[in-house]
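A short worksheet on the structure shown next.
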Amino acid sequence: MLKIIVPFLTLLLIEMNKTETQKGVSINSAIIKSDTEENIREGSKITLTCSASILKQQMEALQIVYLFYKGEDKGVLLKNVTSDERETQCIIQSARVSHSGYYHCVVEAGSEKKDSEPTFITVKGKLQTPLLSIQPMNVTVGDSIVLRCASEEIPPLTFIFFKEKEGQKPQRLKDINSNNKSAVHQLKVIANTDKNYSCKVRVSGISDSSLRSKIVQITVQDPFSDPVLEIEPSDRIFEGDNLTIQCIVNFTPLFLGVQPEILIVKDATPITTNYNATTAVFTTTAALNDTGEYECMVKWKEAMKMTKRQVIVKVPVSEPTLKSTRTGDNAVEGDTLDLSCAVLKGSYPITYKFYKVTTDGALYQKTLNATKAVYSITSVNSEHHGTYSCEASNTVNQRNQTKRSQYVTITVKDTTWWIYISSVSPVIILVAAAVILSLCLKRLRSNKDISQADESDGTHQGEPLQHIQGAYTDRNHEGDYTNIMPPEGNGADTERNHEGDYTYIMLPEENGYIFTGSDSESDCDRDYTNVSSKRKAANIDSDSCSDENDAIQYTQIDLTALQSGNMPQPQGHTVYASIAFDKIQQGSP
């Protein structure tokens, strides 16, 4: 028991003594410096000295710990020295380029610790070429490989991994900072994984880097080929077409027993999955929302391959509508006429063509990313009169969808007759006014003559009156009088036998009326239009008579005393005649 207790007490006393000894220690500063020039040649000797300024209260021996570090962040410990001296050294016998960089020293005494300011050393030369190794060398798609790059240079180092392609510049794969003399990078092998690799190193703090290592090639066994994505009839189709997408994969003889998972994916969403087969199929009637990116994906263990293709579904044009900007499809010469051809739907671009039925080719053609096109005729003339139509079409993979509009007839009005009317209308108005004025004056004169005749008749009211019934009427039955012509010569005597006294009584046929005449005391009412001179036996009284053939009956009127405007008044008894309109009959002209 004493053998255990005695050593323990001894160590306890030593530590207590050491603690008492370190009491009152104070480190003022720590300094690191090199005894060589700033730029050092490769292979030269480098001596680094770390010194400390320490104060203590007692004279007992003081244990000081010196730590030498390389790297800006003190990543690599080069040397650890314990001494009772106020300084110590770290010697590099043969300098390498990788010795370039920042150096620090740290001083520890008792419970005190002090870091020095860094010093930078540059060693001229070349870095040693690193060595690359890969494990495993023979792999299957889906396996992982480990790339290890090692160097004899002094860390900290930066390891850079490359993938090599024949005839191309090496592609940087990964940068790894390490405080060791090597670094590793793990890589998963996929179908398109590169098979050749290399690496190089670079010292932290300087721009120089080593040469690339030798290229290492791995062997990759592929269990299946790249999948094939087949789209029928095409990856660009019209809405309503049948769309079939197939994902096909072929396996190598070494992996005939492989049972993969085959997927058809649209926009990151699986739409068909098939197991234990080599083909997956998706069929649908194409719609506009079927447009998108499709993937054919094959999985087996860690192996995965995929193929992508874009499918575009276009909407065929609808039947276009042809419209005219003119109301009623009428246009006036010289006006601007716009014909618009519009569709309700259709994928762009759309080609519009305007036709006239009398022409073979299109009058106007335009391809637009729009649902309407306009054909403008800036100055319409008679040649633009006719029937028009239009076509709208769009195309997918050289397959054309064309629709024809209804027919629209455009009528072009000639404005020359308006100009003619405008020029002659004042003349026409003046002529019409003159004719109307002349008719009015003639009517006034006629009415005046009738009024005078009525006044003349009123002066003979005391004398016997014999009636002559005869008149014609116009369409309004107004009193236009029948011409009653006196016998030719200078008059007749009342004593005569009255032969040839009657010349004729005639209705004016130009107005289209029939004269009818009869005496109120006569029994021979007959229609007639003309009474010619005939031989008759008559007296001074009015008697009913007939001609020799009894063909015409008429009322005899003695006009022996009828006064003519140019004849003198004969002597004797005066006979007056009046015309009664109470028995007027209208006949056909």
Side-chain angles (χ1 to χ4, degrees), residues 230-245 266 282-294 309-418:
E230 293 184 352
I231 300 175
E232 296 180 354
S234 172
D235 55 1
R236 293 177 180 268
I237 60 175
F238 277 122
E239 186 179 40
D241 293 347
N242 291 325
L243 174 63
T244 301
I245 300 176
K266 179 184 180 291
F282 171 74
T283 302
T284 187
T285 299
L288 188 60
N289 58 5
D290 289 321
T291 296
E293 186 178 67
Y294 290 81
R309 286 185 67 180
Q310 186 78 16
V311 174
I312 298 177
V313 179
K314 300 187 73 174
V315 178
V317 293
S318 60
E319 182 177 323
T321 300
L322 182 64
K323 290 184 179 180
S324 167
T325 55
R326 293 295 172 183
T327 304
D329 299 326
N330 292 326
V332 178
E333 282 193 352
D335 285 354
T336 297
L337 174 65
D338 291 336
L339 296 176
S340 66
C341 186
V343 296
L344 293 177
K345 62 179 182 178
S347 296
Y348 302 148
I350 300 175
T351 299
Y352 298 90
K353 295 181 180 180
F354 292 82
Y355 293 91
K356 190 177 181 183
V357 294
T358 56
T359 58
D360 295 332
L363 299 173
Y364 177 74
Q365 176 176 332
K366 190 72 173 179
T367 300
L368 301 170
N369 289 333
T371 56
K372 184 175 75 172
V374 177
Y375 169 46
S376 295
I377 303 174
T378 55
S379 182
V380 176
N381 56 46
S382 59
E383 295 180 357
H384 296 114
H385 176 87
T387 301
Y388 294 80
S389 66
C390 72
E391 283 183 353
S393 63
N394 54 3
T395 304
V396 171
N397 284 347
Q398 299 181 352
R399 187 162 66 92
N400 184 271
Q401 283 278 1
T402 301
K403 296 291 179 66
R404 172 81 70 149
S405 73
Q406 86 285 7
Y407 289 92
V408 173
T409 299
I410 302 298
T411 302
V412 180
K413 293 183 177 181
D414 188 358
T415 59
T416 56
W417 65 280
W418 285 102

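Everything quoted here is computed from the prediction, not taken from an experiment.
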Under the side chain to side chain contact (heavy atoms under 4.5 Å, CB included) test, residues paired with Ser405 that sit two or more places apart: Pro320, Leu322, Ser389, Cys390
Once the angle between the rings of Tyr375 and Tyr364 is folded into 0 to 90°, is it parallel (under 30°), tilted (30 to 60°) or perpendicular (over 60°)? parallel
With side-chain hydrogen bond (donor to acceptor under 3.5 Å, both in side chains) as the test, pick out the partner of Thr351 among Thr367, Thr402, Asn394. Thr367
A side-chain contact here means heavy atoms from C-beta on lying under 4.5 Å apart; do Asn242 and Thr283 qualify? no
Are side-chain heavy atoms of Thr336 and Asp338 found at a separation under 4.5 Å? yes
For a 4.5 angstrom cut-off between non-hydrogen side-chain atoms, does Glu333 reach Ser382? yes
Does Ile237 reach the side chain of Asp290, with side-chain heavy atoms less than 4.5 Å apart? no
To the nearest 0.5 Å, tell me how far Glu293 CD sits from Lys266 NZ. 10.0 Å
Residue pairs passing the salt bridge (charged side-chain N to carboxylate O under 4.0 Å, His left out) test with at least one member in residues 353-381, sequence neighbours excluded, are none
Selection residues 376-402 - residue pairs positive for ring-ring contact (aromatic ring centres under 6.0 Å, His included), sequence neighbours left out: none
Residues that Asp235 engages under salt bridge (charged side-chain N to carboxylate O under 4.0 Å, His left out), provided they are two or more places apart: Arg309
Spacing of CD belonging to Glu232 relative to CG belonging to Asp241, to within rounding of 0.5 Å: 13.0 Å
What is the distance from atom CD of Gln401 to atom OG of Ser393, rounded to the nearest 0.5 Å? 9.5 Å
Carefully, step by step, assess Thr371 and Lys345 under the rule side chain to side chain contact (heavy atoms under 4.5 Å, CB included). CA-CA 7 Å; Thr371 56; Lys345 62 179 182 178; over 6 Å; no
For Val374, is there any backbone N or O sitting under 3.5 Å from a side-chain donor or acceptor partner on Ser340? no
List for me each residue that meets ring-ring contact (aromatic ring centres under 6.0 Å, His included) alongside Phe238, sequence neighbours excluded, and say none if there are none. none
Leu339 side, atom CG; Leu363 side, atom CG - distance, nearest 0.5 Å: 9.0 Å
Donor-acceptor pair, side chain of Ser376 and main chain of Thr378, under 3.5 angstrom: no
Salt bridge (charged side-chain N to carboxylate O under 4.0 Å, His left out) contacts in which one or both residues fall within residues 378-395, not counting sequence neighbours: Glu391-Arg404
